[in-house]
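I have placed the structure first, in the form of structure tokens, so that the comments after it can refer back to it.
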Amino acid sequence: ILEAREPYKVLVVGAGVAGLAAADQLRKFGFDVTILEARERIGGRVATFRKGPYVADLGAMVITGLGGNPMATLATQISMDLYKIRQKCPLYDSKGRLINKDLDVAIEREFNKLLEAATYVSHELDFNYIDDRPLSLGHSLELIIKLQERQVKERQCNHARRTVDVQEELIKMRKTLAEKEEAIKLERSKYDVAKSRSESSRNVSDEFEFRCCQRDLLALFNEYDGLIEKHNEWTKQAVDLDDSKPRYEK
């Protein structure tokens, strides 16, 4: 009679895909397996980002080539559903609605930018640890997105302050225009009286007064035209600000 033996104990470091697959296979071989994982979740680079209604896989979304691919074998062993990616691969939102092609392209472009930023942070800045813990790709992307959100909020605050400044200038400008219009009306009345008196009397002093009123009225018109130009410039700035509100580019 063979003596029963305790199963060998095996310690697997890391609960990523490789670690989980190795632990599962070892357990099937009869080993007593313990997995150590530094993070608060399993999966390694297999992670899903969730924020409100938005969901995005950050890694391990595609198995490239099924022939001789151990990942394909593993997927079959754990009864994972696989779907063939066609040349046209439409995307759908969390409610099952087809995503516009332009939005699809924009999302892909921004995701590639995030990957480039993560690569820069890791390779160029050598920022790979936080509190002596390794920085995963998913965590790195989350940090970059948070930084982007902070930058957008700062731009939004600056944009709001600039918008308030422009609106205040427009209010002042409209008040000045209204005052200038009243001054023109008053000066126009003086001009009409002086003109009528000059034409009827042909007096030198009346003619001089008429010329002075004409000069002052022309000066007011010039000032008014200048104010209109400035008002149009401020109005254009207000329109441009409204069309250029900082938004999230995710």
Side-chain angles (χ1 to χ4, degrees), residues 39-41 43-62 89-180 226-250:
R39 280 179 289 219
E40 297 178 353
R41 62 173 181 82
R45 284 179 289 179
V46 181
T48 301
F49 175 80
R50 290 181 173 86
K51 186 175 181 66
Y54 302 103
V55 179
D57 287 317
L58 302 181
M61 297 170 288
V62 178
C89 183
L91 294 181
Y92 299 86
D93 62 16
S94 58
K95 295 183 179 180
R97 295 172 299 194
L98 182 65
I99 293 178
N100 181 272
K101 179 63 177 178
D102 293 336
L103 180 59
D104 181 9
V105 173
I107 291 174
E108 181 180 5
R109 181 175 62 250
E110 294 305 318
F111 184 70
N112 288 335
K113 288 182 180 179
L114 285 174
L115 292 179
E116 291 175 1
T119 301
Y120 179 81
V121 167
S122 176
H123 295 170
E124 301 297 329
L125 302 182
D126 196 26
F127 184 64
N128 297 300
Y129 291 86
I130 293 182
D131 297 331
D132 297 327
R133 298 175 62 182
L135 182 65
S136 68
L137 175 60
H139 195 183
S140 178
L141 292 177
E142 290 175 4
L143 291 175
I144 293 170
I145 290 172
K146 287 180 180 179
L147 287 174
Q148 288 182 335
E149 291 175 345
R150 179 177 178 180
Q151 291 174 353
V152 171
K153 288 178 180 177
E154 290 176 352
R155 291 201 299 270
Q156 287 176 334
C157 290
N158 293 333
H159 182 274
R161 284 192 288 267
R162 179 59 182 163
T163 300
V164 170
D165 291 341
V166 171
Q167 293 296 336
E168 289 178 349
E169 286 295 332
L170 277 172
I171 292 173
K172 293 179 183 178
M173 190 65 62
R174 287 164 185 165
K175 182 179 179 180
T176 303
L177 282 170
E179 293 173 350
K180 194 64 65 177
L227 289 173
I228 287 293
E229 289 182 6
K230 290 183 179 180
H231 179 270
N232 291 339
E233 291 175 1
W234 285 109
T235 301
K236 184 178 182 303
Q237 289 190 42
V239 172
D240 291 342
L241 284 170
D242 188 60
D243 292 338
S244 61
K245 294 178 181 178
R247 296 178 176 85
Y248 295 103
E249 300 179 349
K250 293 186 279 189

If you compare all heavy atoms of [X] against all heavy atoms of [Y], which two are closest, and at what distance to 0.1 Å?
X: Leu241; Y: Val166; result: CD1-CG2, 3.6 Å
X: Leu170; Y: Thr235; result: CD2-OG1, 3.6 Å
X: Phe127; Y: Leu135; result: O-CD2, 3.6 Å
X: Ala118; Y: Ile144; result: N-CD1, 3.4 Å
X: Asp242; Y: His159; result: N-NE2, 4.5 Å

Check this for me: Tyr120, atom OH, are more than 12 non-hydrogen atoms of other residues, nucleotides or ligands nearer than 6.0 Å? no
Would you indicate whether Arg41, at its atom CZ, is surrounded by more than 12 heavy atoms from other residues, nucleotides or ligands within a distance under 6.0 Å?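 Result for CZ/Arg41: enclosed.
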So the side chain to side chain donor-acceptor pair (under 3.5 Å) pairs with at least one residue in residues 127-144 (sequence neighbours excluded) are Arg39-Ser136, Ser122-Asn128, Asp126-Asn128
Please assess Lys236 against Asn232 for the test side-chain contact (heavy atoms from CB on, under 4.5 Å), listing each intermediate value before the final yes or no. CA-CA 6 Å; Lys236 184 178 182 303; Asn232 291 339; over 6 Å; no
Is there a donor in the side chain of Arg161 and an acceptor in the side chain of Asn158, or the other way round, less than 3.5 Å apart? yes
Rounded distance [0.5 Å steps], CH2 in Trp234 versus CG in Asp165: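 Rounded to the nearest 0.5 Å, the CH2-CG separation comes to 8.0 Å.
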Which atom pairs, donor and acceptor, lie under 3.5 Å between side-chain atoms of residues 172-179 and protein residues at least two apart or in another chain?
{"from": "Arg174", "atom 1": "NE", "to": "His231", "atom 2": "NE2", "distance (Å)": "3.3"}
{"from": "Thr176", "atom 1": "OG1", "to": "Lys172", "atom 2": "O", "distance (Å)": "2.9"}

Check against salt bridge (charged side-chain N to carboxylate O under 4.0 Å, His left out), Lys153 and Glu149: CA-CA 6 Å; Lys153 288 178 180 177; Glu149 291 175 345; 5.5 Å; no
